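Reading through the structure tokens given below for one structure.
Order of appearance sets the numbers: ligands from 1, and atoms from 1 within every ligand. Index from 1, following the sequence. The structure displayed is predicted, hence computed values, not measured ones.
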Amino acid sequence: MIPSESPAGRTPRQALDALPRQRLTFLPTPLAPLARLSAALGGPELWIKRDDQTGLATGGNKSRKLEFLVGAALAGGHDTLLTAGAAQSNHCRQTAAAAAASGLACVLVLGGEEPELAEGNVLLDRLFGAEIHWTPGARRGERLAALAHTLAAQGRRPYVIPYGGSNEVGAAGYLLAAAELASQMESAALKFDRIFVASSSGGTLAGLLAGQRAFAFSGRLSAVLIDAEAPAGSHAARVAALANRTVRGLGWSGASRAEEMDVWESFLGAGYGIVGSLEREAIQRLARAEGILLDPVYTARAFGALLALIDRGDIGRDERVLFWHTGGTPALFPYGPALLEDRTR
Ligand SMILES: *Cc1c(COP(=O)(O)O)cnc(C)c1O
């Protein structure tokens with residue numbers, strides 16, 4: 001267990017509050033019931049945590065990580081944020097916005113060929129003034145170290161943010177988010193049976209896993225794996241290791257284990273970024289029942305998995321389940337017609 005006081009005599013919350021942090025978000029994000037959809041399903045009782053409304057440049061989970069990453073970059077005297085992702089990376093778009101909001105330059109390494117039309121997140125990257133390097137076949141930051149070297153040789157001071165912002169610095173954003181949820185649950189006298197979230201680079205889940213020990217709230221963490229780059233079974237172990245490195249960096253003892261969460265690895269469809277009927281139907285369902293938008297790559301897959309597990313009976317109709325919406329709205333636009341067609345009917 002994480003002690004309520006770190007060796008320096010600080011509570012977990014005080015240790016977090018002592019980290020360098022650049023405010024980029026409007027917090028807390030809403031915690032709201034999905035009453036119409038829950039009634040239509042006949043249970044479970046579904047709730048949503050609206051991190052699609054974090055406030056920076058159409059929102060999303062990366063903004064919470066970037067508060068600490070940009071805080072560290074500014075504290076270290078850097079002048080440029082350097083990161084990488086897929087062409088429609090929400091992480092890169094939020095990094096470009098965070099740089100603009102903080103007086104920093106931004107260099108992005110995006111996977112693929114430069115598209116003819118700047119759409120969705122690419123359009124926004126451009127509007128925020130990011131310098132974009134296109135790299136076919138590499139979207140996980142493979143070129144970051146070499147590019148950082150080149151920028152430094154040009155006299156710039158790049159701060160390298162790994163793929164997805166998922167290191168000990170970025171994961172602190174979701175430790176703080178865990179504290180936020182714990183206090184919202186306490187004031188509403190709410191308990192959850194499960195907490196569903198999409199997971200890819202793992203920083204969001206790592207912060208929540210560590211945060212659940214530090215701030216003690218109910219709900220088994222249930223992550224839906226979005227991207228099958230890593231061998232099956234290893235995602236939970238990597239996430240637990242990051243959770244423990246993150247809390248150790250704050251002076252707490254880390255003891256989170258992979259078994260403390262469920263990682264659903266069987267909803268990968270036809271691959272990363274490919275919309276199938278699971279994603280399309282989840283987007284339409286939530287949009288039509290609640291007026292809430294999911295994104296085609298991450299949250300549609302995670303919410304679609306949640307609906308499938310309810311349908312299969314793996315989640316009881318009497319449970320109360322929180323879905324953590326992690327954002328991604330701008331990616332809806334480049335997917336256009338793929339979101340409307342319905343091959344299953
Ligand atoms: C990046 C992202 C995720 C995954 O978060 P990780 O911390 O990388 O696991 C989920 N949803 C959206 C919309 C994202 O952009």
Side-chain angles (χ1 to χ4, degrees), residues 29 48-54 56-66 68-69 83-98 110-111 120-121 124-125 139-141 161-178 195-211 221-230 234-236 238-243 246 261 263-265 267-268 272-273 275 279 282-283 286 292-306 323-332 335:
T29 58
I48 194 164
K49 175 72 171 152
R50 297 295 304 272
D51 274 11
D52 57 322
Q53 304 286 329
T54 45
L56 177 72
T58 80
N61 61 339
K62 305 311 183 305
S63 300
R64 290 188 187 266
K65 302 179 186 181
L66 283 161
F68 291 98
L69 291 160
T83 196
Q88 282 300 328
S89 167
N90 301 303
H91 163 66
C92 289
R93 175 252 310 164
Q94 288 163 87
T95 302
L110 298 184
N121 282 308
L124 301 187
D125 296 341
R139 62 176 169 86
R140 289 176 159 262
I161 298 177
Y163 179 70
S166 287
N167 59 10
E168 297 85 333
V169 180
Y174 269 85
L175 267 176
L176 198 61
I195 298 173
F196 265 77
V197 67
S199 191
S200 175
S201 66
T204 301
L205 185 57
L208 293 178
L209 180 68
L221 286 172
S222 307
V224 179
L225 188 66
I226 300 302
D227 191 2
E229 205 84 352
S234 67
H235 189 71
R238 279 192 296 128
V239 165
L242 176 55
T246 303
M261 58 192 162
V263 178
W264 300 93
E265 300 189 339
F267 294 96
L268 297 162
Y272 176 80
V275 167
E279 291 81 16
I283 289 173
L286 191 64
I292 294 175
L293 297 171
L294 294 167
D295 84 285
V297 179
Y298 296 91
T299 51
R301 185 161 287 176
F303 200 76
L306 169 58
F323 179 75
W324 203 305
H325 194 326
T326 43
T329 313
L332 279 171
Y335 278 81

Could you tell me the residue and atom name of the protein heavy atom closest to atom 11 (N) of ligand 1, and the distance to it rounded to 0.1 Å?
Thr326 OG1, 2.6 Å

For Thr204, the ligand 1 atoms with a heavy-atom partner under 4.0 Å come out as 5 (O), 6 (P), 7 (O)

Which protein heavy atom lies closest to atom 5 (O) of ligand 1, and at what distance to 0.1 Å?
Asn61 ND2, 3.0 Å

Only distances under 3.5 Å count here; give the side-chain donor-acceptor pairs of residues 324-332 to other protein atoms, sequence neighbours excluded, each with its distance to 0.1 Å.
from: Trp324; atom 1: NE1; to: Asp51; atom 2: OD2; distance (Å): 2.8
from: His325; atom 1: ND1; to: Gly327; atom 2: N; distance (Å): 3.0
from: His325; atom 1: NE2; to: Leu293; atom 2: O; distance (Å): 2.7

Answer yes if the side chains of Thr29 and Arg64 hold a donor-acceptor pair under 3.5 Å, and no otherwise.
yes

Under 3.5 Å side-chain donor-acceptor pair for Gln94 and Ser63:
yes

Can you sort out which atoms of ligand 1 are near Ser199, meaning under 4.0 Å from one of its heavy atoms?
9 (O)

Mutual orientation of the aromatic rings belonging to Phe196 and Trp264 [parallel < 30°, tilted 30-60°, perpendicular > 60°]:
parallel

Any donor-acceptor N or O pair under 3.5 Å, side chains Lys62, Thr54
no

What is the nearest protein non-hydrogen atom to atom 2 (C) of ligand 1, stated with its residue, atom name and distance?
Lys62 NZ, 2.4 Å

Nearest non-hydrogen protein atom, atom 13 (C) of ligand 1:
Gly327 O, 3.2 Å

Has ligand 1 got any nitrogen or oxygen that is less than 3.5 angstrom from a nitrogen or oxygen of Tyr298?
no

Could you establish whether Gly203 and ligand 1 come within less than 4.0 Å of each other, counting only heavy atoms on the residue side?
yes

The protein heavy atom nearest to atom 8 (O) of ligand 1 is Ser201 OG, 2.5 Å

Check contact between Gly60 and ligand 1, using heavy atoms of the residue and a distance below 4.0 angstrom.
no

Should Ser200 and Tyr163 be marked as a side-chain contact (heavy atoms from CB on, under 4.5 Å) after you check the CA-CA gap, both sets of side-chain angles, and the distance that decides it?
CA-CA 10 Å; Ser200 175; Tyr163 179 70; 4.1 Å; yes

Check step by step if side-chain contact (heavy atoms from CB on, under 4.5 Å) holds for Val169 and Ile161.
CA-CA 9 Å; Val169 180; Ile161 298 177; over 6 Å; no

Check: Gly328 N/O within less than 3.5 Å of ligand 1 N/O:
no

Sequence neighbours excluded, the answer for salt bridge (charged side-chain N to carboxylate O under 4.0 Å, His left out) partners of Asp295 is none

Tell me, please: is Leu205 in heavy-atom contact with ligand 1, that is, under 4.0 Å?
no

In ligand 1, the atoms that come under 4.0 Å of a heavy atom of Lys65 are 6 (P), 7 (O), 8 (O)

Test Cys92 against Leu110 for side-chain contact (heavy atoms from CB on, under 4.5 Å), laying out the working first.
CA-CA 8 Å; Cys92 289; Leu110 298 184; 3.7 Å; yes

